[in-house]
Amino acid sequence: MLKKESNSELELTWPVTINELHETRDNFLNDMYEWILEQDIDKNKSAELIWLNIGSIAHEFMRIFNGYLVINRLSSNKNTFLESKFSNKLFVDISLNRQPDFQYKVRHMLTGLVYEKPIKKIGRLVKHNIFKQKLKYKPKVFINPKKDIVTFSSSPLIEEHASIKNKNVIISRIDEWFPTGMLNDNSSLLECNNEIVHVIKIIEKRFESAGVTLPSFITAHFQKYLELILGFTRNYMNKLYEHKKNLPSEFWSGTGGIIYNRIMSRVVSKNGGLSIGHDHGTGYGWWKTNIQTINELNYVDKFITFSKEQAEGQKKNINLKFLVHKNDKYSISPMHENDIYKNHINIIRHSRLPSKVIKKVMYVPTCYTRDETYFLPLLCDYAAIDWQTRLVEFLDNNDFEVFFKPHPDDRGPELFPYKDYNNVTIVQEPFEKVLDSVDLLIFDYLQTSCIVGAVKSNLPIVLIDFPRLV
């Protein structure tokens with residue numbers, strides 16, 4: 001129950017269902033890719049920019065769609081309640097008919113990448129080369145394009161891949177390849193007007209399907225949003241093309257959810273190089289999703305996952321209709337067929353049997369969405385916090401000691417009433433380091449790297465399976 005005051009409660013039925021969000025998301029993606037597949041993205045630069053950003057565009061569309069429908073379907077007291085209790089700027093802006101602020105990823109683009117000072121580069125060189133880090137760091141000027149494989153990520157999968165293949169993989173910094181500092185807004189120079197108009201028509205179509213007419217301030221928001229992200233993407237790509245001779249012949253991408261990885265993969269491939277993507281989290285092989293195609297497979301020549309089983313699962317579940325280069329030779333393969341997550345879990349050593357008396361319970365949620373909605377989509381903050389409050393109250397009332405392990409991206413929104421419960425400990429340490437302190441684990445989300453450690457820990461696990469991975 002969402003508490004409005006200390007002595008009263010507000011019955012709040014969330015007005016947008018998970019199934020409605022799923023259906024809207026899938027229909028929007030179908031419309032977008034139906035148009036993209038009619039374009040020649042190797043010749044139509046505007047279509048290429050949109051293609052590189054479809055995941056981000058869909059993300060922003062879902063964020064605004066969800067927010068607008070929620071506000072329009074809530075009761076008349078929505079403004080005061082939402083603004084005073086949750087301070088969700090997106091909902092407040094929409095309720096007051098103001099053009100919403102951009103999501104944090106776009107605000108990050110506006111601010112620009114931070115340039116690393118030379119003294120920090122020296123420290124990085126010492127750390128990676130003298131203290132023998134798994135991947136060596138080189139400043140961009142010292143990278144050999146023909147011999148060095150470049151990556152922006154030091155994920156366990158990339159580190160193990162480099163070790164097994166005995167490859168000379170160099171960890172590099174994004175700010176050495178892309179512009180830093182505040183970027184000029186050159187969106188007026190974009191030659192994407194027709195393409196932007198088409199995307200906005202698709203957005204209007206999806207709103208109309210939900211029974212609402214897109215208001216002018218939302219249309220203006222999407223117009224500016226598309227101009228900004230397409231303009232910045234074009235600038236990033238041009239920066240790489242200006243120094244084509246420095247581009248590596250092979251690039252290893254971490255998560256394709258980061259636009260810099262997608263751009264680098266695309267430019268390296270177009271320059272005649274090889275781009276290899278790498279799985280993350282618990283892998284995509286065990287569930288059907290569009291995310292992998294949208295964020296990963298469209299932009300790489302080869303995709304590496306954790307195991308033979310994960311590779312087989314991905315090949316089975318992949319959504320081929322969202323692949324733009326269907327005729328290109330790409331492959332999904334395991335990094336090491338006989339050893340799943342070999343180094344990823346080598347720090348976990350649990351041989352003890354689970355406790356017969358369960359007293360200490362650790363709940364491991366995923367991140368809060370704040371004012372966003374993801375592809376899955378995740379529960380909105382209000383529903384998630386309502387659920388978490390009920391769970392913690394139940395455990396607390398039954399004399400369990402609760403360990404609450406928030407997602408690393410969460411700096412703890414002040415929404416969850418931690419202080420109201422005596423037996424709740426907020427865990428700030430890494431997940432693996434506190435496993436010995438608990439008797440049971442609770443998850444309500446499977447696409448998290450913590451699942452790997454949980455399965456290997458020999459602890460009992462309770463999974464609350466919300467209907468969102470469908």
Side-chain angles (χ1 to χ4, degrees), residues 1-3 6 9 12 14 18 86 156 280-283 286-287 340-341 344-370 374 376-469:
M1 203 73 65
L2 292 171
K3 296 182 178 180
S6 58
E9 291 182 343
L12 182 59
W14 202 246
I18 292 290
F86 295 110
H280 61 286
T282 51
W286 55 273
W287 58 305
I340 303 175
Y341 296 87
H344 192 40
I345 46 79
N346 66 359
I347 61 174
I348 304 169
R349 293 283 186 267
H350 286 275
S351 57
R352 67 179 177 87
L353 293 174
S355 174
K356 293 182 179 180
V357 179
I358 305 295
K359 296 299 295 181
K360 297 181 178 181
V361 176
M362 182 155 66
Y363 169 55
V364 188
T366 188
C367 55
Y368 292 110
T369 63
R370 295 175 177 85
Y374 290 79
L376 299 178
L378 304 177
L379 294 176
C380 67
D381 285 352
Y382 313 125
I385 292 161
D386 181 38
W387 144 246
Q388 291 168 2
T389 302
R390 295 171 189 268
L391 174 65
V392 171
E393 282 182 348
F394 170 82
L395 295 171
D396 188 53
N397 291 338
N398 286 275
D399 298 323
F400 289 102
E401 184 177 350
V402 181
F403 292 77
F404 189 94
K405 178 68 179 81
H407 190 278
D409 284 348
D410 286 323
R411 301 298 177 259
E414 299 302 325
L415 308 179
F416 187 81
Y418 305 126
K419 60 183 181 299
D420 294 344
Y421 304 96
N422 295 325
N423 290 337
V424 177
T425 300
I426 308 304
V427 178
Q428 302 293 350
E429 297 85 0
F431 173 76
E432 293 83 0
K433 291 188 177 181
V434 294
L435 287 175
D436 282 327
S437 303
V438 300
D439 306 315
L440 180 140
L441 301 168
I442 298 177
F443 289 87
D444 56 20
Y445 181 73
L446 277 174
Q447 184 64 5
T448 167
S449 56
C450 289
I451 287 288
V452 181
V455 171
K456 295 291 292 185
S457 71
N458 205 33
L459 290 170
I461 301 172
V462 173
L463 171 66
I464 291 90
D465 190 11
F466 290 125
R468 50 191 176 196
L469 301 183

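At a threshold of 4.5 Å between non-hydrogen side-chain atoms, the residues Val361 and Val462 do not count as touching. In this structure the side chain of Val427 never reaches within 4.5 angstrom of the side chain of Ser437, judged on heavy atoms.
No donor-acceptor pair closer than 3.5 Å links the side chain of Asp396 to the backbone N or O of Val392.
Leu391 CG to Tyr363 OH: the interatomic distance, rounded to the nearest 0.5 Å, is 6.5 Å. In this structure, Lys405 NZ and Ile426 CD1 are separated by 10.5 Å, a value rounded to the nearest 0.5 Å.
By the side chain to side chain contact (heavy atoms under 4.5 Å, CB included) test, Asp399 pairs with Lys359, sequence neighbours left out.
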Quiz prompt | Residue pair Val434, Phe403: steps toward the side-chain contact (heavy atoms from CB on, under 4.5 Å) verdict | solution = CA-CA 9 Å; Val434 294; Phe403 292 77; over 6 Å; no

Quiz item: Can you check side-chain contact (heavy atoms from CB on, under 4.5 Å) on Asp444 and Trp387, steps first, answer last?
Solution: CA-CA 10 Å; Asp444 56 20; Trp387 144 246; 2.8 Å; yes

Practice problem: I would like to know whether Cys450 and Leu441 meet side-chain contact (heavy atoms from CB on, under 4.5 Å); could you show each step before the answer? | Solution: CA-CA 10 Å; Cys450 289; Leu441 301 168; over 6 Å; no

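In this structure, Leu463 and Tyr445 approach most closely via the heavy-atom pair CD1-N, 4.3 Å. Smallest separation of non-hydrogen atoms from Gly453 and Phe431: C-CE2, 4.1 Å.
Test Leu435, Asp439, Thr425 against Met362 for side-chain contact (heavy atoms from CB on, under 4.5 Å) and you get one pass: Leu435.
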